[in-house]
Novice: 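Pasting in a structure now, in structure tokens, and then I'll have a few things to ask.
Note that the structure is a prediction, hence the values are computed from the model and not measured.
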Amino acid sequence: MKIFILFIISVFSGLTHAQECHPTTLDQVGDLFKSVLSNHAPTLLEKKIPLKIYHSAAYFLQATVLPGPLLLGKKSYRLDVGQRLLECPPSESALRSIILHESQHFLDYERMSAVHVAGLGKNYLLSKKFRIRYERATDLKVLESHEGEGLIDYRVWLYERLNPKQLAVKRATYLTPEEINEWLGSHN
């Protein structure tokens, strides 16, 4: 019952803020990105990962491996930030949690050789089962870093911005607010 009540509160909390948009800037997201890296992945600060605005109806943040350097056996990254996220961002805790999720991808790439990163990309694109396992495992890393409440807030914010088809894909691929609440309830 406690988990259900927390979920209802988070949903209604998200709905009451749905109409309020306080645009942010790429620099502000960059500052939060550096803060998350400082706290959770300080080795990535040395990589000097740039941010770039992009346009997508369904994706708001994305950890990108740059293909050119990868072909040369080197790894360079970029954090792509959706224009829609800048126009009407989620709460800071929600943004922090999804930045942590993307940072976990960068940490994964750092642990692999360039050949293995390319293989991960191939498997990610070609296998729905692989993609789901990988994204859910990444969400679990966020939960283990004590950012579960923010991840719930992010998913609630995200779900309000998707069409039914996009929503179905997101709910299948990533942990849902209900699943996150269940995990949090069993790990207290």
Novice: Nearest 0.5 angstrom please: Phe60 CZ to Tyr154 OH, how far?
Specialist: 6.0 Å

Novice: State whether the side chain of Lys75 and the backbone N or O of Val65 hold a donor-acceptor pair below 3.5 Å, judged by distance alone.
Specialist: no

Novice: With heavy-atom distances below 4.5 Å as the criterion, would you say the side chains of Tyr124 and Glu135 are in contact?
Specialist: yes

Novice: Identify the two heavy atoms, one from Asp153 and one from Ser93, that lie closest to each other, and give their separation to 0.1 Å.
Specialist: OD2-OG, 3.5 Å

Novice: With rounding to the nearest 0.5 angstrom, report the NE2 to CG distance, His105 to Leu61.
Specialist: 10.5 Å

Novice: Quick one: are Leu175 and Trp183 in side-chain contact, heavy atoms under 4.5 Å?
Specialist: no

Novice: Would you say that Leu37 contacts Ser103 through its side chain, given a criterion of any heavy-atom pair below 4.5 Å between the two side chains?
Specialist: yes

Novice: Applying the 4.5 Å side-chain criterion to the ILVMFWY set and letting contacts propagate, would Tyr109 and Leu45 be lumped into a single cluster?
Specialist: yes

Novice: Check whether any side-chain heavy atom of Tyr159 lies under 4.5 Å from a side-chain heavy atom of Thr176, and answer yes or no.
Specialist: yes

Novice: OG1 of Thr64 to CD of Glu102: how many Å apart, nearest 0.5 Å?
Specialist: 8.5 Å

Novice: Where do Ser56 and Gln62 land on the side-chain contact (heavy atoms from CB on, under 4.5 Å) test, with the steps shown first?
Specialist: CA-CA 10 Å; Ser56 172; Gln62 189 169 306; over 6 Å; no

Novice: Indicate yes or no: at least one non-hydrogen side-chain atom of Leu85 is less than 4.5 angstrom from one of Val29.
Specialist: yes

Novice: Would you say that Val81 contacts Lys52 through its side chain, given a criterion of any heavy-atom pair below 4.5 Å between the two side chains?
Specialist: no

Novice: Where do Arg133 and Ser127 land on the side-chain contact (heavy atoms from CB on, under 4.5 Å) test, with the steps shown first?
Specialist: CA-CA 10 Å; Arg133 268 194 322 271; Ser127 171; 5.6 Å; no

Novice: On a heavy-atom basis, which atom in Ala57 and which in Gln166 lie closest, and how many Å separate them?
Specialist: CB-NE2, 3.5 Å

Novice: Looking at every heavy atom in both Leu143 and Gly148, which two are closest together, and how far apart are they?
Specialist: CD2-CA, 3.4 Å

Novice: Verify the cluster assignment for Ile99 and Tyr54: are they in a single hydrophobic cluster under the rule of side-chain heavy atoms below 4.5 Å apart?
Specialist: yes

Novice: Check the hydrophobic clustering (I, L, V, M, F, W, Y; side-chain heavy atoms under 4.5 Å; chains of links allowed) and say if Leu167 and Ile132 are grouped together.
Specialist: no

Novice: Using the six-membered ring wherever Trp is involved, compare the ring planes of Phe130 and Tyr134 and label them parallel, tilted or perpendicular (cut-offs 30° and 60°).
Specialist: parallel

Novice: Quick check: do Arg84 and Tyr59 have side-chain heavy atoms less than 4.5 Å from each other?
Specialist: no

Novice: Indicate, with yes or no, if Leu79 and Leu66 share a hydrophobic cluster defined by side-chain heavy-atom contacts under 4.5 Å among Ile, Leu, Val, Met, Phe, Trp and Tyr.
Specialist: no

Novice: Find the distance between CD (Gln83) and CG (Leu26) and round it off to the nearest 0.5 Å.
Specialist: 9.5 Å

Novice: What are the two closest heavy atoms between Pro23 and Cys21, and how far apart are they?
Specialist: CD-O, 3.6 Å

Novice: Once rounded to the nearest 0.5 Å, what's the spacing between atom CG of Leu151 and atom OH of Tyr174?
Specialist: 11.0 Å

Novice: Quick check: are there more than 12 heavy atoms from other residues, nucleotides or ligands sitting under 6.0 Å from CD of Gln28?
Specialist: yes

Novice: Can you check whether Val169's main-chain N or O pairs, donor with acceptor, with Thr173's side chain at less than 3.5 Å?
Specialist: yes

Novice: So, for Pro177 and Val156, which heavy atoms are closest and what is the spacing to 0.1 Å?
Specialist: CG-CG2, 4.2 Å

Novice: Arg136 and Asp139: salt bridge (Lys or Arg N to Asp or Glu O under 4.0 Å), yes or no, with the steps?
Specialist: CA-CA 5 Å; Arg136 287 173 169 261; Asp139 276 349; over 6 Å; no

Novice: Would a 4.5 Å heavy-atom cut-off, applied to side chains only, mark Glu178 and Asn181 as touching?
Specialist: no

Novice: To the nearest 0.5 Å, tell me how far His40 NE2 sits from Ser35 OG.
Specialist: 8.0 Å

Novice: Please check if the side chain of Glu147 supplies one atom and the backbone of Val142 the other of a donor-acceptor pair under 3.5 Å.
Specialist: no

Novice: Stepwise, does the side-chain contact (heavy atoms from CB on, under 4.5 Å) test hold for Glu110 with Tyr77?
Specialist: CA-CA 10 Å; Glu110 277 298 284; Tyr77 316 116; 2.6 Å; yes

